[in-house]
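Structure first, then comments.
Below, all heavy atoms of this structure are taken into account, side chains as well, without hydrogens, waters or symmetry copies. Letters A, B, ... mirror the listed sequences (proteins, then strands); counts begin at 1. Quick caveat: nothing in here was measured; it's all calculated off a predicted structure.
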Amino acid sequence: MEERIRVELVSTPIRIEDVMAGLEDPSSGAVTLFLGRVRDHHEGHEVRSIHYQAYAEMALPVMGSIAEETLAKFPVSRIAILHRVGHLQVGEVSVLVAVASAHRDEAFRACRHGIDRIKQDVPIWKKEVLADGTEEWVDARCGGETRG
Amino acid sequence: MEERIRVELVSTPIRIEDVMAGLEDPSSGAVTLFLGRVRDHHEGHEVRSIHYQAYAEMALPVMGSIAEETLAKFPVSRIAILHRVGHLQVGEVSVLVAVASAHRDEAFRACRHGIDRIKQDVPIWKKEVLADGTEEWVDARCGGETRG
Amino acid sequence: MSSIRIRLFAVLRDRFGAEFVALDLAPGTTARALLQRLAVQYPDHARHLSTCRVAVNHRFASDTEVVAPEDEVALIPPVSGG
Amino acid sequence: MSSIRIRLFAVLRDRFGAEFVALDLAPGTTARALLQRLAVQYPDHARHLSTCRVAVNHRFASDTEVVAPEDEVALIPPVSGG
């Protein structure tokens with residue numbers, strides 16, 4: 001399973017090209033990628049930056065389970081899930097999910113499944129730093145956050 | 001419209017990182033990307049490489065129309081569609097569709113729409129070079145090709 | 001009667017061994033009629049011609065669109081890009 | 001009766017002003033009972049505690065899972081990663 005799955009929690013910028021290189025597989029004609037980036041707005045207020053806090057000892061195995069579950073559920077060959085922690089500016093990549101598969105239908109569905117499950121279960125939290133200097137933890141149950 | 005759409009037909013390798021940089025937009029929290037790559041097999045035979053031929057004068061405007069149609073149909077902010085032509089080896093990227101949006105649901109749906117429409121209407125054809133040295137044009141109506 | 005040069009691609013270009021095929025063009029010829037005339041004139045390629053769409057000036061033409069001598073006409077076999 | 005240290009994150013860590021909260025642990029205490037005991041002991045945080053899931057040894061625990069003193073227990077507020 002090792003080389004089919006790449007799961008990482010990182011504190012430095014996520015390098016897309018590196019991740020894509022790791023998904024190379026001559027039998028996979030389709031690759032889908034999802035990137036989550038820090039947006040400049042959330043529910044009507046202006047966001048300056050976001051601090052991501054993780055329960056790392058649990059987040060990593062949960063990300064690993066999601067990767068394995070995705071490989072079991074869809075006929076895909078490889079998956080990469082990376083999440084960044086620490087202080088991120090607007091525009092920086094917070095999460096990456098990439099999937100390689102023979103065909104595009106399953107590549108899209110598997111990638112979507114991966115990011116949906118991450119947003120449900122991975123113990124990572126974001127605290128927004130707003131334009132007025134205030135900071136607040138985002139509660140994923142309220143408002144549009146789960147659509148992010 | 002200019003800066004929201006990037007459409008290119010290229011004869012050199014597609015550089016993902018460059019394209020992603022062009023999709024940067026502080027209001028877009030979600031980016032989806034689809035890459036089509038040359039697979040080492042197709043309908044049971046072994047593929048060595050693929051030659052892509054385009055009717056360039058028509059392919060570019062059709063790609064542009066698909067990009068505009070996608071922006072009109074989904075609430076996405078930016079889209080890039082690149083297709084490579086010429087001789088590609090197994091593993092090389094033939095097509096890229098990338099979409100930036102505020103939320104992930106529309107980013108996934110718009111990206112999927114883009115690649116589906118490309119495979120329907122863009123006048124580009126592939127000729128496979130098989131392991132036994134024979135070459136043949138792929139007929140997208142037969143077999144699994146439209147699922148690629 | 002004027003003549004028109006029709007662009008060929010992919011499998012048709014290989015079969016004809018040329019990038020163009022010329023056809024006499026009666027006034028009022030539609031895209032569909034043009035394709036049928038070619039199939040009559042080149043019965044060996046009729047099966048492949050029947051799978052083609054006609055493009056006029058870089059857009060897919062409807063069956064009833066009339067082709068003029070100054071138009072850029074191309075035959076579009078089933079596409080397989082991506 | 002033994003005691004257990006419970007890990008806190010995000011909004012709870014800020015509210016408690018600490019990375020851990022200690023709780024006396026009667027034998028047979030379930031994950032659900034642990035959360036209820038905390039809410040009684042810290043009524044100011046009861047509303048936030050009620051939104052948490054309990055993790056035992058890095059996995060989400062069911063309500064009826066029994067917590068042992070040597071387990072690593074954490075409270076997981078609604079996650080907002082991605």
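Contact annotation for Asp14(D): only side-chain heavy atoms (C-beta onward) come within less than 4.5 Å of a heavy atom of chain A. Of the atoms belonging to Ala59(A), not a single heavy atom falls under 4.5 Å from chain D. Gln120(A) touches chain D through its backbone: at least one of N, CA, C or O sits under 4.5 Å from a heavy atom, while the side chain does not.
Under the side-chain hydrogen bond (donor to acceptor under 3.5 Å, both in side chains) criterion, the residue pairs touching residues 44-60 of chain A are His45(A)-Glu128(A), Ser49(A)-His87(A), Tyr52(A)-Ser94(A), Tyr55(A)-Glu72(D), Glu57(A)-Arg7(D), with sequence neighbours excluded.
Annotation for Arg53(D): atom CZ counts as buried by contact number, over 12 foreign heavy atoms lying within 6.0 Å.
Here Ala10(D) is the residue among Ala74(D), Ala55(D), Ala10(D), Pro77(D) with the most heavy-atom pairs under 4.5 Å with chain A. Here Ile124(A) is the residue among Leu60(A), Ile50(A), Ile124(A), Val97(A) with the most heavy-atom pairs under 4.5 Å with chain D.
Between Trp125(A) and Ser80(D), the shortest heavy-atom contact is CA-OG, 3.3 Å. The two residues Val11(D) and Trp137(A) make their nearest non-hydrogen contact at CA-CD1, 3.5 Å. Considering all non-hydrogen atoms of both residues, Val79(D) and Pro123(A) come closest at CG1-CA, 3.7 Å.
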